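Nothing here was measured: the structure is a model prediction, and the numbers come from that model. By convention in this document, chain letters (A, B, ...) are assigned in the order of the sequence lines, proteins followed by strands, and residues within each chain are numbered from 1.
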There are 2 protein chains.
Amino acid sequence: MDAELDFDKLGGLIPAVVQDASDGEVLMVGFMNQQAFDLTLSGGYVTFFSRTRQKLWTKGESSGNRLRLTSVTTDCDRDTLLFRVEVEGAGLVCHRGTRSCFTEPLPLAASEPAVRKEIR
Amino acid sequence: MDAELDFDKLGGLIPAVVQDASDGEVLMVGFMNQQAFDLTLSGGYVTFFSRTRQKLWTKGESSGNRLRLTSVTTDCDRDTLLFRVEVEGAGLVCHRGTRSCFTEPLPLAASEPAVRKEIR
């Protein structure tokens, strides 16, 4: 099964979207190499490969907010993963103490980009 | 605003998760370079940078199933984007004719990985 995933497209890594199984909120995106993927499926908890630290990293291993798998899906070209999870512990996925890492809204542009640049 | 996003971490690209604004379904993941991001925000429709074709690609430009932005969020380290969208046209995002690209369920492992390898 593992061999069918396309790890080559991104130099050995696959982006992994983590979604709350209960309400569909997107909680975070991380990257997995083959080993992280194997550990995630065998252990039942999401383990990433940290690009900044260059090591495996089981999300929540210190905070207790581990991500327990309820389902795993890949996409049509098998180069991305979608994990639906239940968040254990306090249910706070982000190290900043929020439920999701996606906490920074960006304004939708109402005008032409060149104009915005002049204003900035 | 654009300069605050971290395009460097992945060689000029940022992964972009596309989620249906109406029900939270994750529809697809693509990649954006700075130009694709600017075009997406200025035009109001999701434009990716295709890694395989090495060119900009406005999702749905030929099928009509364009992805109209309702909100854009970035995460705590500003290296990932989450787009909530309304799907226009027939509402089918995947080129295979399905609503989402995430159509391939993977089995959750029930046994130890080494054992699975021997069986395979």
Point to revise | Residue among Thr70(A), Thr73(A), Asp79(A) with most heavy-atom pairs under 4.5 Å to chain B | key: Thr73(A)
Could you look at [X] and say if it's the side chain, the backbone, both or neither that has a heavy atom under 4.5 Å from chain B?
{"X": "Pro15(A)", "answer": "side chain"}
{"X": "Leu13(A)", "answer": "neither"}
{"X": "Val26(A)", "answer": "both"}
{"X": "Cys94(A)", "answer": "side chain"}

Exercise for review: Could you check Thr74(B), Asp8(B), Leu81(B), Asn33(B) and say which one makes a side chain to side chain contact (heavy atoms under 4.5 Å, CB included) with Ile14(B)?
Suggested key: Leu81(B)
Review point. For Leu67(B), which of Val46(B), Thr58(B), Thr47(B) qualifies under side chain to side chain contact (heavy atoms under 4.5 Å, CB included)?
Key: Val46(B)
Review point. CZ/Phe48(B) to CZ/Phe83(B) distance, rounded to the nearest 0.5 angstrom?
Key: 7.5 Å
Check your understanding: What's the spacing between Glu4(A) CD and Glu104(B) CD if we round to 0.5 Å?
Key -> 9.0 Å
**Study point:** Glu61(B)/Arg66(B) salt bridge by N-O under 4.0 Å criterion
**Key:** no
**Study point:** Note: Asp20(A)-Arg84(A) ion pair, threshold 4.0 Å (strictly below)
**Key:** no
Study note, to complete from the structure: Comparing Thr98(B), Thr52(B), Thr80(B) against chain A, the one with the most heavy-atom pairs below 4.5 Å turns out to be Thr80(B)
Check your understanding: Among Ser100(B), Pro105(B), Cys76(B), who wins on heavy-atom pairs under 4.5 Å with chain A?
Key -> Cys76(B)
